[in-house]
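Have a look at the structure below before the remarks.
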Number of protein chains: 2
Amino acid sequence: MENPLSSSERARVGLWIRLARCYNLAMRDLRSGLREECTMPQFDVLAQLERSPEGLTFSSLSEHLLVTAGNLTGIVDRLEKQGLAFRETNPKDRRQTFIKLTDKGREYCNKIIPQHTHDIAKLLSGLSDNTVQNLRGDLDQLAALLDRKQE
Amino acid sequence: MENPLSSSERARVGLWIRLARCYNLAMRDLRSGLREECTMPQFDVLAQLERSPEGLTFSSLSEHLLVTAGNLTGIVDRLEKQGLAFRETNPKDRRQTFIKLTDKGREYCNKIIPQHTHDIAKLLSGLSDNTVQNLRGDLDQLAALLDRKQE
DNA sequence: TGCTAATACTTTAGGTTTCAATTATCCCTG
DNA sequence: CAGGGATAATTGAAACCTAAAGTATTAGCA
């Protein structure tokens, strides 16, 4: 009835399971390192804003972070409430909103970004430089593939 | 002030970013393939149950799927409401609950598991068998590392 | 100019997720 | 055999997340 999986298909399913497992294990660890400070999604937004002093729109953030714009509304609301970021309507196109860091937000980034960066490096420090390079290359290949399927 | 990142640290941060990006891109695609049927977390639970006719406890599911037990309560509630699974208290230890598939749930699994498996294989079909093998090996190494940090 | 379609964000409904606090049960030791 | 500590699941609060519908605003074109 069911046509059985080819070994090549099985290998790919196994790859997906491993990818998901690594992601979730790492996520769990990194989240706990950030916990007292801010949430992971909030960090992701802050880190993007930090490298764009001119501000970012919801659309561009949504694209970079792979989350829906509807989702960002809430995250930015909370950042705004904490005084770390603020909205600014684009006067040239009043549909668009720029999100920018406040001074407090920038200061905060200067503290937690290096800290979080260090956590990541430490978490992955057990891998050889060689393995890291191989993984990066192969994942780039995979990302290119997945990007293409998106359109 | 800030001591700058070594190139080896930078490489590891880049690896994490790529891993997260691939995970999220793939997740987005696979979710939409499953959408009309059930949610991804529900699928994950069903797929585990399908290979354990004797049932699984919340604790063991929690461990396998890397989610908290509190989270599973809700997911299993919804599966139960849909008539796909049911709870059964362990008479030998009334603290434990076995979760099992109903007939309807088993039938349902027979339909969607092959379908989802096929979606995964198709999504990753653009990678060479060689790249798949390399990635699997390297991710196994990474998972072992992350597992160890967990304890 | 004025209508229509597209774009940008928000809202809503339904799930998911975590952490922390509870409840129920079991185990163990005095 | 009773109390204290561990284990299993649930509950509650807050945040995240998506898809789909809604609201403003802009752009394009007849």
Heavy atoms under 4.0 Å, any strand shown: does A/Leu65 hit a base, just sugar-phosphate, or nothing? nothing
Hey, does B/Ile99 reach any base, or is it just sugar-phosphate, or nothing, if we go heavy atoms under 4.0 Å? nothing
In residues 113-125 of chain A, what donor-acceptor pairs under 3.5 Å come from side-chain atoms, sequence neighbours left out?
residue, atom, partner, partner atom, Å
A/Thr117, OG1, A/Ile113, O, 2.7
A/Ser125, OG, A/Lys122, O, 2.7

Under the rule for salt bridge (Lys or Arg N to Asp or Glu O under 4.0 Å), what residues qualify as partners of B/Arg78, not counting sequence neighbours? none
Between C1' on D/dT18 and CG on B/Asn24, what's the gap in Å once rounded to a whole number? 13 Å
Residues passing the side chain to side chain contact (heavy atoms under 4.5 Å, CB included) test with B/Ser128, sequence neighbours excluded, are B/Asn130, B/Thr131
Can you measure from CG (A/Asp129) to OG (B/Ser7) and round to the nearest 0.5 angstrom? 7.0 Å
Does A/Thr39 put a side-chain nitrogen or oxygen below 4.0 Å from OP1 or OP2 of D/dC16? yes
Can you check each nucleotide of nucleotides 8-14 of chain D against protein heavy atoms at under 4.0 Å and return B for base, S for sugar-phosphate only, - for none, in 5' to 3' order? SSBB---
How far apart are the C-alpha atoms of A/Ile99 and A/Leu72, what are their side-chain angles, what is the distance that settles it, and do they pass the side chain to side chain contact (heavy atoms under 4.5 Å, CB included) test? CA-CA 11 Å; A/Ile99 307 150; A/Leu72 284 173; over 6 Å; no
Report the distance from atom OH of B/Tyr23 to atom C1' of D/dC17, rounded to the nearest whole Å. 12 Å
Can you sort out the partners of A/Arg136 under salt bridge (Lys or Arg N to Asp or Glu O under 4.0 Å), two or more places apart, ordered by chain and number? none
Please list, chain by chain and in numerical order, all residues satisfying salt bridge (Lys or Arg N to Asp or Glu O under 4.0 Å) with B/Glu80, sequence neighbours excluded. B/Arg87
Distance in angstrom units between A/Ile75 CD1 and D/dA15 C1', rounded: 9 Å
Which residues pass the side chain to side chain contact (heavy atoms under 4.5 Å, CB included) test with B/Thr102, sequence neighbours left out? B/Phe86, B/Lys104
Nucleotide range of DNA chain C contacted by chain A, 5' to 3', under 4.0 Å to a heavy atom? C/dA6 to C/dA20
Sequence neighbours left out, what passes side chain to side chain contact (heavy atoms under 4.5 Å, CB included) with B/Thr39? Give chain and number order. B/Pro41, B/Gln42
Tell me which residues in residues 79-86 of chain B lie within less than 4.0 Å of DNA chain D, going by non-hydrogen atoms. none
Residue pairs, two or more places apart or on separate chains, that pass ring-ring contact (aromatic ring centres under 6.0 Å, His included) and touch residues 5-30 of chain A: A/Trp16-B/Tyr23, A/Tyr23-B/Trp16, A/Tyr23-B/Tyr23
Does B/Glu88 have any salt bridge (Lys or Arg N to Asp or Glu O under 4.0 Å) partners at least two apart in sequence or in another chain, and if so, which? B/Lys100
